[in-house]
Amino acid sequence: MRVAVIGGGWAGLAAAVELVNAGVGVTVFEAARQLGGRARSVSAQGRRLDNGQHILVGAYRETLRLMQVVGNDPDRLLKRMPLEIAFPGRQPAPFRLRLPRLPAPWHLAVGLLGTRGASLAEKLRAVRFMRFLQATDYRLGDDCTVAALLDRHEQHGNLRGCLWEPLCLAALNTAPEQASAQIFVNTLRDSLGSDRAATDLLLPAADLDQLFPAAAASFIAAHGGEIRLSTRVASLDASFVVGGERFAAVVLAAGPQQAAPLLAGNEQSGPVARLLADYRWEPIGTVYCGYPPEVRLPLPMLGLAAQGDGRFGQWAFDRGGLCGTAGVIAFVLSGSGAWEQADNRTLVAALHDELAAALRTRLPPVLWQQVIRERRATFSCRPGLPRPAARTALAGLWLAGDYVCADYPATLEAAVRSGVAAARGILLS
């Protein structure tokens, strides 16, 4: 059996690795000149950067497993640290939450109760909120927005502004006022509500290509598979002729906006094409600022003051502490916001000032800058959003991509899980 995988992002590569590891012949078709999709490395300013600063967590079990399958050591390529969220510039008092290395659920209870910058009433309400979610097995019944869920459970103050809302925006890339509460709760279930290791932050100590795509490509080639870059698939029909060759099955692992036109030409897959065509999108901005090498952050990941009143910042990452590029700070801007209308110069100047205010210090001038805007970075993860299944109505055609993994938002783990699910479906069919 030979399988075509259309799309060389993390979902497509996960499917291809799973298939070749089972002895199936695979050809990966990727329209771009490199693998990785929306989580890839780029060359800019004479440096190797990522098109976005991604965060992994200990709950990303399938991603960690496949990294090991292709010969990568997660302990070497990822900096593991207990979940620590710090907003040093928060007013009227700095905010800091750190989960201790205790067995679950004590790590969460002790971490919440020990939070600095939150009142005792806030902490107790947060503990009750998590206990409610556990008691209901993390099922809400009718979906609603994250903001409505937090209101219902009296989650206000600094714990809302520095924990729940930033976690929602980071995981779902959708503002709490529009984001799906059920999907957000699913992420809490598999992170804060799981074992202690699942809550750990896994911050990349290498560029995104080195985490998985490069090793996956080598693994696929070593097991008899083929990867064709700069090869766009313009059409797809029931005969499964791709690139002039006939295949027994196809994994369509392109993004929703690319998958919809390919699915629209077939009567059986047309409903899925119409579903995807109605998806809304959310952007992500990553702003790299190069400072003198001595500029460091007190933590690898630092929260900036809440947005509004002309402020743009959300998170700042110390690339020097993570992957050895001293003096490089990566600012991440998730979801739609005022930052989209700011030009690059204004954006860099504002983030520079916000970081200086958070650190309460004077920063040296920015030596170089690189702004990367992904205008359609993820689907907008809204309440009740219909998600297609991996198996389509057309026998032999499978979907893979973060939008397929119905339990999760658009994350690397969702992409990898969807690819694995498609591959296993083919192997069992």
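No hydrogens, no waters, no symmetry mates; every other heavy atom, side chains included, goes into these values.
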Practice item. Before giving the answer on side chain to side chain contact (heavy atoms under 4.5 Å, CB included), spell out for Arg373 and Thr286 the whole-Å C-alpha distance, their side-chain angles and the decisive distance to 0.1 Å. Key: CA-CA 7 Å; Arg373 301 173 188 254; Thr286 305; over 6 Å; no
Practice item. List the steps and the verdict of side chain to side chain donor-acceptor pair (under 3.5 Å) for Gln68 and Asn72. Key: CA-CA 5 Å; Gln68 293 176 314; Asn72 275 351; over 6 Å; no
Practice item. I would like to know whether Gln178 and Ser380 meet side chain to side chain donor-acceptor pair (under 3.5 Å); could you show each step before the answer? Key: CA-CA 8 Å; Gln178 288 89 39; Ser380 189; over 6 Å; no
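Salt-bridge formation is detected for the pair Asp195/Arg61: a Lys NZ or Arg NE/NH1/NH2 atom is positioned less than 4.0 Å from an Asp or Glu carboxylate oxygen. Ionic pairing of Arg345 and Asp343 is not present here: no N-O contact between side-chain nitrogen and carboxylate oxygen is shorter than 4.0 angstrom. Under the 4.0 Å criterion applied to side-chain N and carboxylate O atoms, Asp207 and Arg40 are not assigned as salt-bridge partners. Classification of Arg382 and Glu177 as a salt-bridged pair fails, no side-chain N sitting under 4.0 Å from a carboxylate O. With respect to Arg38 and Glu374, no salt bridge is recorded, no charged nitrogen being found less than 4.0 Å from a carboxylate O. Under 4.0 Å is where a charged nitrogen must lie from a carboxylate oxygen, and between Asp407 and Arg417 no such pair does. Contact check on Asp200 versus Lys79 returns no salt bridge, with no Lys/Arg side-chain nitrogen under 4.0 Å from an Asp/Glu carboxylate oxygen.
Between Leu83 and Thr199, the closest heavy-atom pair is CB-O, 3.4 Å. Phe29 and Gly243 get closest at one heavy-atom pair: CE2-CA, 4.1 Å. For Asn173 against Gly335, the heavy-atom pair with the smallest separation is OD1-N, 2.8 Å. Here the closest heavy-atom approach between residue Pro386 and residue Leu275 is recorded as CG-CD1, 3.2 Å. Taking each heavy atom of Gly193 and Tyr138 in turn, the nearest pair found is CA-OH, 3.3 Å. In terms of heavy atoms, Leu252 sits closest to Ala259 at CD2-CB, 3.8 Å.
With hydrogens and angles disregarded, a donor-acceptor distance shorter than 3.5 Å links the side chain of Asp50 to the backbone of Leu208. Side-chain N or O atoms of Ser191 include one that pairs as donor or acceptor with a backbone N or O of Thr187 at under 3.5 Å.
The side chain to side chain donor-acceptor pair (under 3.5 Å) search around Glu165 returns Arg160, not counting sequence neighbours. Applying the side chain to side chain donor-acceptor pair (under 3.5 Å) test to Arg228 and every residue at least two apart in sequence or in another chain returns Glu226, Glu245.
Between His352 and Tyr291, the two ring planes are parallel [angle under 30°; tilted spans 30° to 60°].
Taking 4.5 Å as the limit, every side-chain heavy atom of Thr411 sits out of range of all side-chain heavy atoms of Asp402.
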